[in-house]
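Here is the naming used below: chain letters follow the sequence lines, and residue numbers restart at 1 for every chain. What's counted below: heavy atoms across the whole structure, side chains too, no hydrogens, waters or symmetry copies. As the structure is a computational prediction, the values presented were derived from the model and not from experiment.
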Amino acid sequence: MGKKTEPIPGASDIFPAEVAEWLLLEAEARRVFGLYGYGEVRTPVMERTAVFERSIGEQTDVVQKEMYTFEDRGGRSLTLRPEGTAGIMRALVDNGIPQGDEKRVYYIGPMFRGERPAAGRKRQFHQIGAECVGTVAPETDIETIEMLMRYFDAIGIRNTRLLVNSRGTVADRPKIADTLAAYFGDHLDDICEDCRRRLESNVWRILDCKNEACGNIVTGAPAITDLLSAESRDFFQRACDRLDLLELPYTVDPRLVRGLDYYEHTVYEIAFDGIGAQNSLAGGGRYAIEVPGHNQVVHGTGFAIGMERIILARHELGVATAAGNGIDAYLVSIGEEAFAANMKLARDLRRQGFRIAMDLQGRGTKAQMRTANKLEAPVALIRGDDELGRDMIVCKNLSASEQLEVTIADLPAHLQSTVDARFAGAAHAEE
RNA sequence: GUGGCUGUAGCUCAGUCGGUUAGAGCGCCUGGUUGUGGCCCAGGAGGUCGGGGGUUCGAAUCCCCUCAGCCACCCCA
């Protein structure tokens with residue numbers, strides 16, 4: 001579409017019909033997370049680049065080739081946030097976390113990564129995430145997962161698969177990496193080109209390779225859980241026990257490693273089939289993050305949900321979202337004087353809280369009625385010069401095709417009764 | 001960043017051995033006798049066929065380039 005202006009690649013306009021669903025998803029997140037004592041934080045979409053480089057990991061793909069980084073007027077290197085956790089940690093630490101204190105926060109907003117767009121993958125995408133920061137216990141990991149699953153339940157998403165694994169602690173890493181490197185080094189000829197490269201850059205990712213040949217080699221690889229320190233193994237065992245306790249079905253996936261360096265101990269992913277290659281609705285885990293400028297490591301646990309993906313999943317499941325942006329009445333005018341009077345009437349009714357639509361172009365009665373029908377107005381309020389002279393207005397119930405005249409003074413009460421009746425009907429239908 | 005597919009009215013698309021003023025359905029607008037919707041009927045508006053270049057007497061249709069979208073790789077939410 002050559003000359004048309006459009007959003008840049010991987011960014012989308014979202015119109016009212018779709019926004020209704022976004023609002024619902026956001027509202028449910030706020031409600032559910034509130035049940036667990038989480039409060040919303042809003043941090044800038046831009047941060048100093050170091051904030052992300054340091055915490056996500058210099059060697060990760062996200063930092064190396066997916067960040068939108070630019071220089072601002074002062075020559076500072078800034079980056080559009082590629083994920084939410086790093087900025088939240090920066091904000092919390094800046095604000096001071098009392099020792100031993102636990103902070104529970106969540107965020108909702110856009111993230112930016114310069115990847116090639118595909119199904120369920122945008123360059124500007126949106127995440128809902130939660131972080132429980134300041135304490136270290138497998139129980140918080142699992143409570144977080146339970147909250148996440150409760151959220152999915154609340155928005156009608158089922159048939160998900162919970163995959164969990166442990167990455168051990170930072171101290172465990174070198175030993176595991178060396179063991180993996182030694183193993184894959186012995187199978188150099190059997191793994192794909194990408195994985196030979198990963199052998200140098202990030203051995204962990206080989207475990208994640210989708211290539212079938214690599215899969216066979218990976219199957220024979222030493223399991224990470226066997227290489228963990230006794231302490232880490234115990235941590236993971238307790239996490240699994242708590243999943244059992246809360247009756248959350250899960251699968252331990254030894255190949256699940258995640259792409260961000262700050263993870264340690266418990267990591268997990270919620271997979272959903274049927275929405276294309278990007279089948280991960282949410283991911284998260286426990287992390288240890290070092291914030292630039294502060295010499296303390298922040299421990300926390302949390303997850304991020306991809307909004308575009310849960311919307312795809314809901315559509316795949318056929319979950320409907322009520323539009324919720326309808327009107328209470330459509331005001332029909334016949335004649336110049338009635339039109340002017342109706343403009344004032346619309347103003348007054350709106351002031352009283354009624355959602356009113358009316359024609360402002362002087363179209364014919366038929367056209368106005370058609371529009372009322374198209375907008376699914378429950379009632380049409382019809383007033384011409386005739387009614388105007390008698391201080392009356394016709395109130396027509398469009399679904400029942402019945403109409404009666406009411407006085408202008410009685411109109412608000414009458415309208416309210418139709419609204420109440422509709423509300424009661426809708427509530428009844430849901431049972 | 002690499003590949004595959006696609007790009008014709010607001011939307012979904014038809015239309016290729018190149019040939020008169022480019023089509024359908026839906027949507028939109030106006031009517032079907034005075035001021036009343038949903039169904040039906042009749043009219044109407046709306047497109048430089050993504051853009052540029054080339055071949056040709058002539059191109060939406062063939063060739064090249066370009067832009068955009070989707071999907072996959074990759075990566076992750």
Classify the nucleic acid contact of A:Lys396 as base, sugar-phosphate or nothing, counting any heavy atom under 4.0 Å across all strands shown.
-> base
Could you tell me whether A:Tyr106 and A:Phe33 have their ring centroids closer than 6.0 angstrom?
-> yes
Please evaluate the base of B:rU36 for a donor-acceptor partner in the side chain of A:Lys366 within a cut-off of under 3.5 Å?
-> no
Under 4.0 Å: is that the gap between some side-chain N or O of A:Arg258 and OP1 or OP2 of B:rA77?
-> yes
Within the structure shown, what part of the strands sits under 4.0 Å from A:Ala372 by heavy-atom distance: base, sugar-phosphate, or nothing?
-> nothing
Examine the base of B:rG1 for any acceptor or donor lying under 3.5 Å from a partner atom in the side chain of A:Glu66, and report the outcome as yes or no.
-> no
Indicate, with a heavy-atom threshold strictly under 4.0 Å, whether A:Gln361 touches base, sugar-phosphate, or nothing.
-> nothing
Side-chain donor/acceptor of A:Arg116 to base of B:rC70, under 3.5 Å | no
How is A:Ala380 classified with respect to the nucleic acid when contacts are heavy atoms under 4.0 Å: base, sugar-phosphate, or nothing?
-> nothing
With a non-hydrogen cut-off below 4.0 angstrom, is A:Gln368 in contact with a base, only sugar-phosphate, or nothing?
-> nothing
With respect to the phosphate group of B:rG38, does any side-chain polar atom (N or O) of A:Arg370 fall under 4.0 Å of OP1 or OP2?
-> yes
Sub-4.5 Å side-chain heavy-atom contact between A:Val298 and A:Leu92 = no
Residues A:Arg242, A:Glu143: salt bridge by 4.0 Å N-O rule = no
For A:Arg48, does the CZ atom sit with more than 12 other heavy atoms under 6.0 Å from it, leaving out its own atoms?
-> no
When we call it a touch if two heavy atoms are under 4.0 Å apart, what does A:Gly120 touch: a base, just sugar-phosphate, or nothing?
-> base
Using the C1' atom as the reference point in each nucleotide, state the distance between B:rG44 and B:rG38 in Å, no decimals.
-> 22 Å
Within the structure, does a side-chain N or O atom of A:Lys122 lie under 4.0 Å from either OP1 or OP2 of B:rC70?
-> yes
Has A:Arg363 got a side-chain N or O lying under 4.0 Å from the OP1 or OP2 atom of B:rU30?
-> yes
Does the pair A:Arg422/A:Asp328 count as a salt bridge with the N-to-O cut at 4.0 Å?
-> yes
